[in-house]
Amino acid sequence: MDEVMMALDKAPSWQPLLASEFDKPYMQQLKAFLQQRKAEHVTIYPHSSNWFHALEATPLESVRVVIIGQDPYHQPGQAHGLCFSVKPGIKVPPSLVNIYKELQADLGIAPVNHGYLESWARQGVLLLNAVLTVEDSSANAHQGKGWEQFTDRIIHLVNEQCEHVVFMLWGSYAQKKGAFIDTGKHRVLKAPHPSPLSAHRGFLGCKHFSQANDWLLRQGREPVNWQLPLQI
């Protein structure tokens with residue numbers, strides 16, 4: 001069993017539904033590319049054990065909210081498989097600073113001093129990057145290598161198999177990736193990306209967190225507790 005398949009085995013609710021992807025030509029090409037880059041001693045983030053951490057932390061049957069990111073953080077110690085999230089002890093990245101600002105304005109939740117979003121994931125917030133790997137100090141290094149097709153399949157599974165999910169699509173990239181979502185049974189919220197380059201154009205003030213919880217409650221689903229632990 002290869003390294004990629006082994007990583008997916010830690011996500012048992014997703015594994016049977018995604019296993020067939022690993023036989024497809026695009027995934028064979030992606031695996032060959034990753035193996036080649038490792039053979040060339042390129043540092044890849046996150047560690048392979050965390051490539052599918054979003055799926056491990058958020059089983060399919062528990063998905064309530066989906067947030068789509070682009071690719072992992074590319075500096076040491078940051079990425080651990082959840083979009084926008086960094087490991088404990090790492091400085092909160094600028095986009096997440098703006099997410100915290102919006103949380104405070106929307107729900108009165110004061111920013112915490114860390115960027116570890118694990119508690120959201122454990123509540124059913126699927127924090128999914130479109131591309132699941134990157135190279136040290138090289139943003140977008142693995143774009144167009146096959147991950148996008150794999151994560152499209154993940155989003156299709158949520159769209160098809162789950163009921164009453166909120167999709168938070170921040171920025172044009174996420175909005176294009178989620179263009180096929182069935183708005184008859186799911187709620188799609190759109191805003192500019194929380195990056196400092198674009199947050200002032202409508203992310204700040206979008207009130208997505210309260211809108212998500214209000215809609216979930218109306219569907220008879222539990223709202224998300226967006227308050228992160230103060231200490232980790």
Side-chain angles (χ1 to χ4, degrees), residues 2-11 14 30-31 33-58 66-104 109-123 125-148 150-151 154 168 170-171 173-174 193-199 203 226-232:
D2 62 43
E3 188 175 26
V4 184
M5 283 289 283
M6 286 177 67
L8 187 63
D9 280 348
K10 296 196 298 181
W14 297 90
L30 172 60
K31 288 192 288 186
F33 167 76
L34 292 168
Q35 288 164 357
Q36 176 189 339
R37 297 305 282 157
K38 286 198 164 191
E40 293 167 353
H41 305 291
V42 172
T43 300
I44 294 175
Y45 300 130
H47 186 273
S48 59
S49 62
N50 281 328
W51 288 350
F52 304 116
H53 184 57
L55 306 181
E56 178 189 356
T58 311
V66 177
I67 298 176
I68 299 174
Q70 198 155 343
D71 74 337
Y73 296 119
H74 56 265
Q75 294 300 317
Q78 291 181 305
H80 65 107
L82 304 180
C83 72
F84 294 106
S85 181
V86 291
K87 292 180 182 178
I90 299 294
K91 182 181 177 182
V92 179
S95 292
L96 189 51
V97 168
N98 283 331
I99 291 170
Y100 288 174
K101 285 180 182 176
E102 178 56 25
L103 262 178
Q104 184 163 26
I109 295 173
V112 293
N113 64 359
H114 62 83
Y116 190 56
L117 305 182
E118 189 81 14
S119 75
W120 292 358
R122 298 290 174 183
Q123 291 183 73
V125 180
L126 181 63
L127 297 168
L128 182 69
N129 276 316
V131 177
L132 300 185
T133 54
V134 74
E135 294 178 10
D136 182 53
S137 303
S138 183
N140 305 321
H142 291 183
Q143 278 198 350
K145 302 299 183 183
W147 280 128
E148 293 93 340
F150 183 76
T151 53
I154 292 168
M168 295 184 179
W170 298 336
Y173 185 93
H193 195 277
S195 160
L197 298 174
S198 55
F203 176 80
W226 295 105
Q227 173 68 65
L228 292 161
L230 299 179
Q231 302 293 328
I232 51 172

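Bear in mind the structure is a predicted one, so any value in this text is a computation, not a measurement. Numbers here are sequence positions counted from 1.
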With a 3.5 Å cut-off and no angle check, do the side chains of [X] and [Y] form a donor-acceptor pair?
X    : Y    : value
T133 : W51  : no
H193 : S195 : no
H142 : E135 : yes

I'd like to know if the side chain of [X] and the backbone of [Y] have a donor-acceptor N/O pair within less than 3.5 Å.
X    : Y    : answer
Q78  : Q75  : yes
W14  : T58  : yes
K145 : F33  : no
E102 : N98  : no
D71  : N140 : yes

[atom1] of [X] to [atom2] of [Y]: how many Å apart, nearest 0.5 Å?
X   : Y    : atom1 : atom2 : value
Q35 : L30  : CD    : CG    : 9.5 Å
L82 : R122 : CG    : CZ    : 8.5 Å
C83 : I67  : SG    : CD1   : 6.0 Å

Are any non-hydrogen side-chain atoms of [X] and [Y] less than 4.5 angstrom apart?
X    : Y    : value
H74  : D136 : no
V86  : V92  : no
V112 : Q227 : yes
F203 : I99  : yes
T43  : Y45  : yes
I154 : L128 : yes
K38  : I44  : yes

Which class fits the ring pair F150 and F52: parallel under 30°, tilted 30 to 60°, perpendicular over 60°? tilted

Parallel, tilted or perpendicular for H53 and H80, by the 30°/60° rule? tilted

Residue pair [X] / [Y]: nearest heavy atoms and the distance that separates them:
X    : Y    : result
G77  : I90  : O-CG1, 3.2 Å
L132 : P46  : O-CD, 3.4 Å
W226 : V125 : CH2-CG2, 4.0 Å
Q70  : N129 : N-OD1, 3.3 Å
Q104 : P111 : OE1-CD, 3.2 Å

Show your reasoning for whether side chain to side chain contact (heavy atoms under 4.5 Å, CB included) applies to L228 and H114. CA-CA 9 Å; L228 292 161; H114 62 83; 4.2 Å; yes

Could you tell me whether F84 and W170 have their ring centroids closer than 6.0 angstrom? yes

